[in-house]
Each structure stands twice: as C-alpha cells, then as structure tokens.
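First comes the structure, then the notes that go with it.
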Amino acid sequence: MRIDLHTHSRASDGTQPPGDLVRAAAAAGLDVLAITDHDTADGWAEAEAAAHEVGIELVRGMEVSTRHHGRGVHLLAYLPDPTYPPLVEQLSRVLEGRQARVPDMLERLHALGIEITDADVARAADGTAATGRPHVADALVAVGAVGDRTEAFDRYLGAGRPAYVDRYAAPLAETIRLVTEAGGVTVVAHPWGRSQREWPGEPELAELQAAGLSGIEVEHEDHTRTSRDKLRAIARNLDLVVTGSSDHHGTGKIDHELGCNTTDPEQYARLVDAAARAAEAARARGRTPPDVVRP
Ligand code: AMP
Ligand code: ZN
Ligand code: FE
Ligand code: FE
C-alpha cells in the first residue's frame, strides 16, 4: 500500500488540474491519494470523478493557512464538511487575504523595476480558487524576470524579501476545532519545514492535541533526518498519528514527486478511524462530511 496524503492541484498552486493529479497518482502506483489544496475544496469534485475512473482511493482534504503565536502553520484538514459555515467563513477570509495583497506585491515589484500586471497574475492563476505568491512567481517566470518559482521566492516573494506582503491566516487552535466540528480530522503539515527552529515542540503539540489535533506530518522533504527522528519521538510520546507525503505541486516544486514520502498503512487506518468518529458526531449535528472515495 502506497499512501500519499498531501498534494496540490490547479485548484490552488499545483500545476495539474485535479483530474490529472489523480490520474498521475494512479500512474505512479499510489493506492491512496489525498488532494489538499490550499484553503479550498474546489478541486474535490473533479478529483472524485477521476478517482472512480482510475480506481484509486481518494481522501478529500485541504491545507489551511493558519497562525499560532504569530507564526504561520499549515494545517492539513481531511474529510471536513466543506459547507460548515464557520469553516467557510475562515477559508473565505484567508482566500480574500491572498487576493487582496496581490496589488501590494505588484507595487513593490514595480518599485524594483519589474513590470508585471494584474492580468499577468490572473493568467498565471487561471483555474485557481487561491491566488497566491506561487502565481505571482509564475508571472515573474513568464516575463523572464526569474527562471523558476524558487528563484522568485528567494529573490522577491519569500518572507523578508523586498516584495513580500503578509496576509490573513486562520487561528490554528480554532481551525482545529472547526474542522472537527465539520466532521474532519487535522494533521500539522511539515511542522519543522523551512524554519531553523524546532517549533512547535512537544508542549505546543500536546496543547493542539487537546484542541483536537490527530497527527503530525513527519515524512516531508522539508524535514531533515534529525527533525524526522525527533518528530517521530514526539508523536510516539503523545500518541499522535504520523503521516508522510510528497506535497506534490506538479512541476511547481522540484523534489516533491508523487509518493516521494508515504504514510504507513497502520497510521493511515488510525487517521481514517478518527475521521469516522468525528464524522459520526458531526452527522448527529446535521453536518455532511464526505467519505473516503473507495475504488
Ligand atoms: P501563500 O500562501 O500565497 O503565501 O503561498 C504559500 C505557498 O507558496 C506555499 O504553500 C508553497 O507552496 C509556496 N512556497 C512558499 N515558499 C516557497 C519557496 N521558497 N519556494 C517555492 N515555493 C514556495
Ligand atoms: Zn503550495
Ligand atoms: Fe504547506
Ligand atoms: Fe502543501
């Protein structure tokens, strides 16, 4: 069983339409795929249709942009009812914040002598519900200002770089609760990725677990060997589920090929069990969380 629980499609900042992502996962020999676009369930329907077509197990999820103690944290939310109004409200705020900062970023780029327009970004963001920095990066590539997305982040768009603009992010503990109320389960994405610090650590993760967190993504390209070992030990101490995934973005991220990291089947079973319990409680309150799509 090969299980990849974190991937992006064109519904956010991946480069493949959701159906193509699912077909590529089946072609790559995966048995289970989760589609987890940033802050949106927009790709779910197309992904579901393709999953039936190619006979792969599909987990519908999303990666929510949250903040905790002033720091950005990505939260994987699996199988929540995407129509739960308080969740919709938080996701809308994030999506609006993403969109609203684009003109500021373009102005900063302009001040640096780089002329890209709203239309350039809109072209790069065609098909997405979540216009973000990766699309501004693609527009920069299209005009030849940089060679690829990574260079765009390193030179202009990353935190602390001259065209960086902050945006709204949903409060982490509250989002964990909302996803649970919506019948879903949550896993902190790449908790120690792209940062020099080992944060959130065991005390913070224990607190989040008390708020309803089910697991942590340990096997991820942005984690060093040492980080993975330490995170696995924390998960064992707290009895959190351990996941592994590619964080595939099509051709938008190098070294994140489908299945490059995978989740242990036993850990996946625990996560699905937790989701079934959350879904049952949510259904009793009138929510309609989705099921895992099984071939
Ligand atoms: P946003 O949420 O709009 O700020 O965009 C964040 C997304 O940009 C992340 O989820 C990544 O997919 C991508 N990203 C962030 N940093 C980098 C980087 N240094 N290189 C390439 N992509 C990045
Ligand atoms: Zn992304
Ligand atoms: Fe992420
Ligand atoms: Fe991601």
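Note that ligands are numbered from 1 as they come in the structure, with each ligand's atoms numbered from 1 the same way.
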Can you tell me if H38 has an N, O or S atom under 2.8 Å away from the Zn ion (ligand 2)?
yes
Would S227 and T224 count as having a side-chain donor-acceptor pair, cut-off 3.5 Å?
yes
From H74, does some N, O or S atom reach closer than 2.8 Å to the Fe ion (ligand 3)?
yes
What's the shortest distance from atom 2 (O) of ligand 1 to any protein heavy atom, and which residue and atom give it?
R167 NH2, 2.7 Å
Does ligand 1 come near enough to R133 that some N or O of the ligand is less than 3.5 Å from an N or O of the residue?
yes
Hey, is ligand 1 close enough to T131 that some N/O pair sits below 3.5 Å?
no
Among the N/O/S atoms of D13, the Zn ion (ligand 2) lies closest to OD2
Numbered in order shown, the ligand 1 atoms found under 4.0 Å of a heavy atom of H249 are 12 (O)
Do the side-chain N and O atoms of D247 and S245 include a donor-acceptor pair separated by under 3.5 angstrom?
no
of all protein heavy atoms, closest to atom 5 (O) of ligand 1 is P134 CD, 3.5 Å
Looking at R123, R149, R133, R10, which one forms a salt bridge (charged side-chain N to carboxylate O under 4.0 Å, His left out) with D138?
R149
Any N/O/S of H38 under 2.8 Å from the Fe ion (ligand 3)?
no
May I ask you to check whether Q90 and Y168 show a side-chain donor-acceptor distance below 3.5 Å?
yes
N or O pair under 3.5 Å between H74 and ligand 1:
no
With D166, which of R98, R71, R67 fulfils salt bridge (charged side-chain N to carboxylate O under 4.0 Å, His left out)?
R67
Are H190 and H74 an aromatic pair by the rule of ring centers under 6.0 Å?
yes
Starting from atom 10 (O) of ligand 1, find the nearest protein heavy-atom neighbour and note its residue, name and distance.
H38 CE1, 2.8 Å
When you compare the side chains of H68 and E204, does any donor N or O come within less than 3.5 Å of an acceptor on the partner?
no
Of all N, O or S atoms in E63, identify the one at the shortest distance from the Fe ion (ligand 3).
OE2
Which residue supplies the protein heavy atom nearest to atom 13 (C) of ligand 1, what is that atom called, and how far is it?
F153 CZ, 3.7 Å
Using the ring of each side chain (for Trp, its six-membered ring), is H249 parallel, tilted or perpendicular to H38, with breaks at 30° and 60°?
tilted
Do T117 and D120 meet the criterion of a side-chain donor-acceptor pair at a distance under 3.5 Å?
yes
Within ligand 1, which atoms have a heavy atom of G132 less than 4.0 Å away?
3 (O)
Taking a cutoff of less than 4.0 Å between a non-hydrogen atom of the residue and any ligand atom, is E63 in contact with ligand 1?
no
Within the structure, does D154 bring an N/O atom to less than 3.5 angstrom of an N/O atom in ligand 1?
no
Among side-chain atoms of H8 and E63, is any donor-acceptor pair under 3.5 angstrom?
yes
4.0 Å heavy-atom contact, G158 with ligand 1:
no
E280, CD atom: more than 12 neighbouring heavy atoms under 6.0 Å:
no
Counting heavy atoms only, which of R101, H135, H8 is nearest atom 3 (O) of ligand 1?
R101
Side chains of H220 and N261: do they bring a donor and an acceptor to under 3.5 Å?
no
Below 4.0 angstrom from a heavy atom of R98, which ligand 1 atoms are there? Numbered from 1 as shown, please.
1 (P), 2 (O), 3 (O)
